[in-house]
Amino acid sequence: MQFATWNVNSLNIRLPQVIDWLAANPVDVLALQELKMADDKFPIDAFNEAGWQAVWHGQKTYNGVALISKQPARDVIKNNPLFEDDHARLIAGTFGDADQAVRVIGGYFPNGQAPDSDKFVYKMHWMKALRQWVADEMSRHPRFLIMGDYNITFGPEDTYSPETLEGTIHCTEAEREQLQGLVQLGLHDALRQFAPGPKVYTWWDYRNLAFRKNQGYRIDHILVSDALKKVATDCLVDKAPRKNERPSDHTPVVLTIA
DNA sequence: ATGGCCATCGCGGATGGA
């Protein structure tokens, strides 16, 4: 099975790119973030016509998440049942048959804006509540993964300029403690099992020729349970869509399991 | 050239992203 995550920064703008990417990369589940559209605007017909199922949780202008899949999702949950939230940032579903089934959460984690902002406080509360929900889901689903735009780096190696970016948003101790809180539930950074080297990024600013100069951040992640880590055979960043006309500033991360 | 973004809402320019 294959799983992927991609922050598309507006599904309206990126829909043709998503359909094209799925044709070339027929993964079992693709988690999308930043749909930036209300639920009734979701292009379900376009996905169905291309042979895909989808579940989604959108809102106007901001946020919004979806799970695109070959087979229908089961046991779908939208947002964290343990956290009241005005934002559409989380969606869960189960995919695959019987004892091979995988429980998936797709998430668009809060940006946080700046360490001294109200949005940062919200990010911390959101992360703390997410940990509780993930613990609950993992207790019932050993084959578990959570993927998406985390808006957090694991460490200084995850940006192009740690000397200037450590301590700024996505690179604070407080955010990394929250991320480690998830990891301590028994999760593993899938990409690092297969791409241990430096300069592995998933986001590049639209400005300053950042992509051409590979001035990026690694903030999109797939965390997998022990059971899935054991059967993972590959995980990679697909930089190809970042070279498209009108690209998203994020690019997909793709996990393969046996 | 030596670097100056992009999407949304809505029609100018603020807001948010990261």
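Numbered from 1 within each chain, the chains take letters A, B, ... in sequence-line order.
Nucleic acid contact class of A:N63 (heavy atoms, under 4.0 Å, all strands): none. Within the nucleic acid shown, A:D220 has no heavy atom closer than 4.0 Å to any nucleic acid atom.
Atom name C1', nucleotides B:dG3 and B:dA14: the rounded distance is 25 Å, in whole Å. Atom name P, nucleotides B:dG4 and B:dT8: the rounded distance is 24 Å, in whole Å. Taking atom C1' in both B:dC6 and B:dT2, the straight-line distance is 22 Å, to the nearest Å. Separating the P atom of B:dG12 from that of B:dA1 is a span of 38 Å, rounded to the nearest Å. B:dG10 and B:dT15 have their P atoms separated by 15 Å, with the value rounded to a whole Å.
If you look at A:F109 and A:Y150, their ring centroids are closer than 6.0 Å. Aromatic pair A:Y122/A:H87: centroids less than 6.0 angstrom apart. Outside the 6.0 Å centre-distance limit, the rings of A:H125 and A:F83 are not counted as a close aromatic pair.
If you check the side chains of A:D238 and A:W21, you find a donor sitting under 3.5 Å from an acceptor. Residues A:D85 and A:W126 bring a donor and an acceptor atom of their side chains to less than 3.5 Å of each other. Counted by atom type alone, A:E34 and A:S10 present zero donor-acceptor pairs between their side chains at under 3.5 Å.
The outermost nucleotides of DNA chain B lying under 4.0 Å from heavy atoms of chain A, listed 5' to 3', are B:dG3 to B:dA18.
No chain of hydrophobic side-chain contacts below 4.5 Å, direct or via other Ile, Leu, Val, Met, Phe, Trp or Tyr residues, connects A:F95 to A:I146.
Place A:H170 and A:R246 on DNA chain B by their nearest nucleotides, and A:R246 ends up nearer the 5' end. The 5' end of DNA chain B is approached more closely, in terms of each residue's nearest nucleotide, by A:I13 than by the other of A:I13 and A:E34.
Residues from residues 197-214 of chain A lying near DNA chain B, meaning a heavy-atom separation below 4.0 Å, are A:W203, A:Y206, A:R207, A:N208, A:L209 in numerical order.
Side-chain atoms of A:I13 and A:K36, non-hydrogen and from C-beta on, never get closer than 4.5 Å to each other.
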Handout entry: Which nucleotides of DNA chain B pair, in dot-bracket form (Watson-Crick or G-U under 3.5 Å, | meaning another strand)
Key = ....(((((...))))).

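The list of ring pair (Phe, Tyr, Trp, His ring centres under 6.0 Å) pairs with a residue in residues 30-55 of chain A, not counting sequence neighbours, reads A:F42-A:F47, A:F42-A:W56.
Partners of A:S248 under the side chain to side chain donor-acceptor pair (under 3.5 Å) rule, at least two apart in sequence or in another chain, do not exist in this structure. Applying the side chain to side chain contact (heavy atoms under 4.5 Å, CB included) test to A:Q184 and every residue at least two apart in sequence or in another chain returns A:R131, A:Q180.
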